[in-house]
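Heads up: numbering here begins at 1 and tracks the sequence. Remember, it's a predicted structure, so these values are computed and weren't measured experimentally.
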Amino acid sequence: AVEIGTKVLAKEYGPIGIRFNCIAPGYLKSKTMLENTSKSKLNGIKKSIALRRFGDLESIAKGVLFLKDCDFINGETIRIDGMHTL
């Protein structure tokens, strides 16, 4: 639903120079997740990610900066999830 909304808004507002893109993050390493999820569940999640690790805020920020810097991307959803396969 978010991806479709992004495309609709991009098409609607693109002609006036407003771009719409979406970041779709995967599992991020956070204090809350680590404290509230069992080790076995965390290991299972890691195994479902091709890179076998959790993301971090720096990875998300790099994706946001990429979209900001490239002014010819519009209506796209960028997955920053290490290729999560669940």
Side-chain angles (χ1 to χ4, degrees):
V2 172
E3 290 181 41
I4 292 169
T6 300
K7 288 191 179 299
V8 168
L9 290 169
K11 186 171 183 172
E12 182 75 19
Y13 289 96
I16 60 171
I18 299 173
R19 297 180 301 125
F20 280 85
N21 294 295
C22 178
I23 296 288
Y27 286 98
L28 301 178
K29 185 192 246 178
S30 70
K31 180 180 175 185
T32 302
M33 184 178 78
L34 297 174
E35 289 178 352
N36 295 302
T37 309
S38 70
K39 286 193 186 269
S40 64
K41 179 71 173 172
L42 289 171
N43 288 334
I45 293 169
K46 277 186 188 178
K47 286 180 183 176
S48 73
I49 300 170
L51 294 178
R52 299 292 191 260
R53 63 180 172 89
F54 298 114
D56 56 30
L57 292 179
E58 185 177 344
S59 298
I60 303 302
K62 287 177 182 178
V64 170
L65 288 174
F66 170 75
L67 287 173
K68 179 191 110 14
D69 290 342
C70 186
D71 65 356
F72 203 59
I73 296 176
N74 191 29
E76 291 301 323
T77 297
I78 306 294
R79 297 186 190 291
I80 305 175
D81 65 358
M83 200 178 93
H84 185 250
T85 58
L86 276 184

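- T77 places none of its side-chain heavy atoms less than 4.5 Å from the side chain of V2.
- In this pair, Y27 and H84 present their aromatic rings perpendicular. The plane angle is above 60°, beyond the 30 to 60° band.
- When all heavy atoms are compared, the tightest approach of M33 to L28 is CE-O, 3.4 Å.
- To the nearest 0.5 Å, atom CG of residue L65 and atom CD1 of residue I60 are 11.5 Å apart.
- Under the 3.5 Å distance criterion, with hydrogens and angles disregarded, a donor-acceptor pair is assigned to the side chains of S38 and S40.
- Note that CG of D56 is 8.0 Å distant from NZ of K62, once rounded to the nearest 0.5 Å.
- Atom CD1 of I4 sits in a sparse spot, with 12 or fewer heavy atoms from other residues, nucleotides or ligands closer than 6.0 Å.
- Residues V8 and Y13 do not share a hydrophobic cluster, clusters being chains of Ile/Leu/Val/Met/Phe/Trp/Tyr side chains in contact below 4.5 Å.
- Within 6.0 Å of the CG atom in L57, the count of heavy atoms belonging to other residues, nucleotides or ligands does not exceed 12.
- Here the side chains of L51 and M83 are not in contact, with every heavy-atom distance at 4.5 Å or above.
- For the atom pair K46 NZ and K29 NZ, the distance stands at 6.5 Å (nearest 0.5 Å).
- When the salt bridge (charged side-chain N to carboxylate O under 4.0 Å, His left out) test is applied to R79, the partners found at least two apart in sequence or on another chain are E3.
- In the hydrophobic cluster analysis, where Ile, Leu, Val, Met, Phe, Trp and Tyr join through side-chain heavy atoms closer than 4.5 angstrom, I49 is grouped together with L42.
- Annotation: the span from T37 atom OG1 to N43 atom CG amounts to 11.5 Å, rounded to 0.5 Å.
- Side-chain N or O atoms of N21 include none that pairs as donor or acceptor with a backbone N or O of L67 at under 3.5 Å.
- Looking at K7, its side chain does come within 3.5 Å of a backbone N or O of G75 through a donor-acceptor pair.
- Under a 3.5 Å cut-off, the side chain of N74 and the backbone N or O of F20 do form a donor-acceptor pair.
- Listed by first and then second residue, the ring-ring contact (aromatic ring centres under 6.0 Å, His included) pairs involving residues 39-66 amount to none (not counting sequence neighbours).
- A distance of 13.0 Å separates CZ in R52 from CD1 in I45, rounded to the nearest 0.5 Å.
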